[in-house]
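As structure tokens, the structure follows; a few thoughts come after it.
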Amino acid sequence: MKHRALLAVLAAAFVYLPAHAEDGYDLWLRYGQQSSYPPSAEHSRELVHSDASPTLAAVGRELASGLGGLAGAPIPVVREPSRPGALLYGTPRSSALIAGLSLGLERVGPEGYVIRSVTLGGKAATVIAGNTDVGALYGAFHYLRLVQTRALAQNLDIVSRPRTRLRLLNHWDNLDGHVERGYAGQSIWDWHKLPDWLDPRYTDYARACASIGINGSVLTNVNANATSLTPAYLEKAAALAGVLRPYGVRVYLTARFSAPIELGGLKTADPLDPGVRAWWKAKIDEIYRYIPDFGGFLVKANSEGQPGPQDYQRNHADGANMLAEALAPHDGIVMWRAFVYASSATEDRAKQAHAEFLPLEGRFAKNVLVQVKNGPIDFQPREPFSPLFGAMPKTPLMMEFQITKEYLGFATHLAYLAPLFEEALDADTGSARKGSTVARVVTGELDQHELSGMAGVANIGADRNWSGSHFDQANWYAFGRLAWDPDVSSQAIAEEWVRMTFSNDPAFVQPVVEMMMGSREAVVDYMTPLGLAHLMGTGHHYGPAPWVSDLSRPEWNPAYYHRADANGIGFERGPKGSNATGQYSPRVAAAFADPKKTPENLLLWFHHVSWDHKMSSGRTLWDELVTHYDRGVGKVRQMRLTWEAQSGRVDAGRFAQVSAFLAIQEKEAQWWRDACIAYFQSISKRPLPVGSAPPAHSLDYYKSLKFPYAPGRG
Ligand code: GCW
């Protein structure tokens, strides 16, 4: 009896109470009262508690606070089910009751779970079970999501397992707190105060990651600093790992290839040098003494000035395999990035990753993944999929998406990225094998790779709302959901997120989801329509600068990408041009090589097309281009109207910030449209289509704008 009373007090303490005015801190993990919950006596009358491990203790806390909050009253916490409607969680090892049920757990692997309505001793109950504690944790978050989104069925029979093994955030966070391409403030990692001060925010980060299945975090920037591998910083990373571990989030670091020189005092970092190999082996053994479950390294080498094996006439496989060999005894892995483009090469930049990596097919060690950006260039509003997907069946290829919006308007433009992710994942690589989508390459299903993964360059910072804007939280959310299951639709994810983050009111959900779903295409339209790319301002990538053509490296110049001249616009990548199309499988290559078969939304990516080219709309290319720019601005105007109509359906704090940001977005969409049209018109020399307004300012005005302090610079 005494025990019971204690548990009840414990449960009451878990009831969710928002501690502050609404500022977005709670992300999608909102446990405010839902009138529809609990739906019936079968559900959640009591929580059968287990704290058999730190992870199960975390599950218990989340369910008690979540369900208590959602029900508007504490949920009794008990040791054994005592009445109908008990909720149990755990594994066959943690609970004899779970062990006694036949739940089909053999289907869900080490991280999956089952959520099932069962009968225990003649009483209805619900079980959330995994083969591991972390599986149960993922199941608990799924259960909470069902309640939050009002999707809890009377009779539950849910089976889920992740389709990719590594679901990782890549933080481009520097040790000094600056986040490269970060638009949400400073890094959340307070390296200076670690390991002594563990900001409670780290736990909330871990909860958020676990709630969407993210199981790893690369703490440091790919433009790496060897200092992160020194004992003092390993101790700090170990402290973070201790906070993240109960939530199934493993810690990874970036490895600076020249660390043996910088830290070890060696003369070389040649991966075939025995001294270098010994240095890395000792360093890696040391890391595992600090972090026994360290995940491994992410490496950017011989790219944008980073050191790498090519500095010693070795190749990427030599470099990756050296690290892999030292990591293998600890079950660590190497993620070796394919984002390379050489300073000296005259080759089309879009071809370089494929050209450098394809010859290495079959030469990487077993615990190496090659991490490939979704498109061949660099996280543009729209790119075709990278031709590496489908081309290297012997090598596990990890997907790299960018969640932070370096090229899509930073945090102030509302652009829901799941449709972009989905477009890349659903692309057909055209290989002879059946079902050879990019998603099935990345999950490893196509080529039977046990190792598989998806990485998202994080948009997380120390801003109260984590992502710099309320709607950018959706991109973090969507990334995790798609890494778990690339077949979930972007629309379904948007709906879930809106319901969890804002409201279940259908009058809110429907228009807001629709607004999100069209938002990425709006950005494409007002920035880089019809397959244009990389027209952004130099260095910071803020705003339009299609005129820039004087930077030292050709592929740093927007003019390199659009190639507008008196005849037309676009980069000829067909056989008559750079033949980048030839890097795709024959079926896909044939389509991309022919302007008539190339999808119009990628036309100028693959072809230089006459200004007078007839588009499917019947308009000329020039008129079509202008129409897209106009349409982009129009869509943002519509987004504003949609949002303004929601006044009163959301809290005032978040409503006001979204409104203000949409106003910024409209202003900047107009700027993009006007500046690009002013510039391209100076080359096309064609009149604007009827009804299209001239740019507000002269081309010189747009060229004169400078933004030396734009955020997030590299
Ligand atoms: O998109 C470019 C960015 C760089 C980044 C690089 C990369 C971390 O502009 O800031 O560096 O890609 O992905 O390595």
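When a ligand or atom number is given, it counts from 1 through the structure's own listing order.
A search for salt bridge (charged side-chain N to carboxylate O under 4.0 Å, His left out) contacts involving Asp318 returns nothing, not counting sequence neighbours.
Close placement of the Tyr542 and Trp671 rings is indicated, their centers lying within 6.0 Å of each other. Ring centers of Trp189 and Tyr205: under 6.0 Å apart, within the cut-off. Here Tyr584 and Phe592 bring their ring centres to under 6.0 angstrom of each other. In this structure, Phe379 has its ring center no closer than 6.0 Å to that of His541.
Ring geometry, Trp280 versus Phe257: the interplanar angle falls from 30° to 60°, so the pair is classed tilted.
Sorted by chain and number, the residues within 4.0 Å of ligand 1 by heavy atom are Trp172, Glu180, Arg181, Asn221, Val222, Asn223, Lys300, Glu304, Arg337, Phe339, Lys373, Asp378, Glu406, Tyr407, His541.
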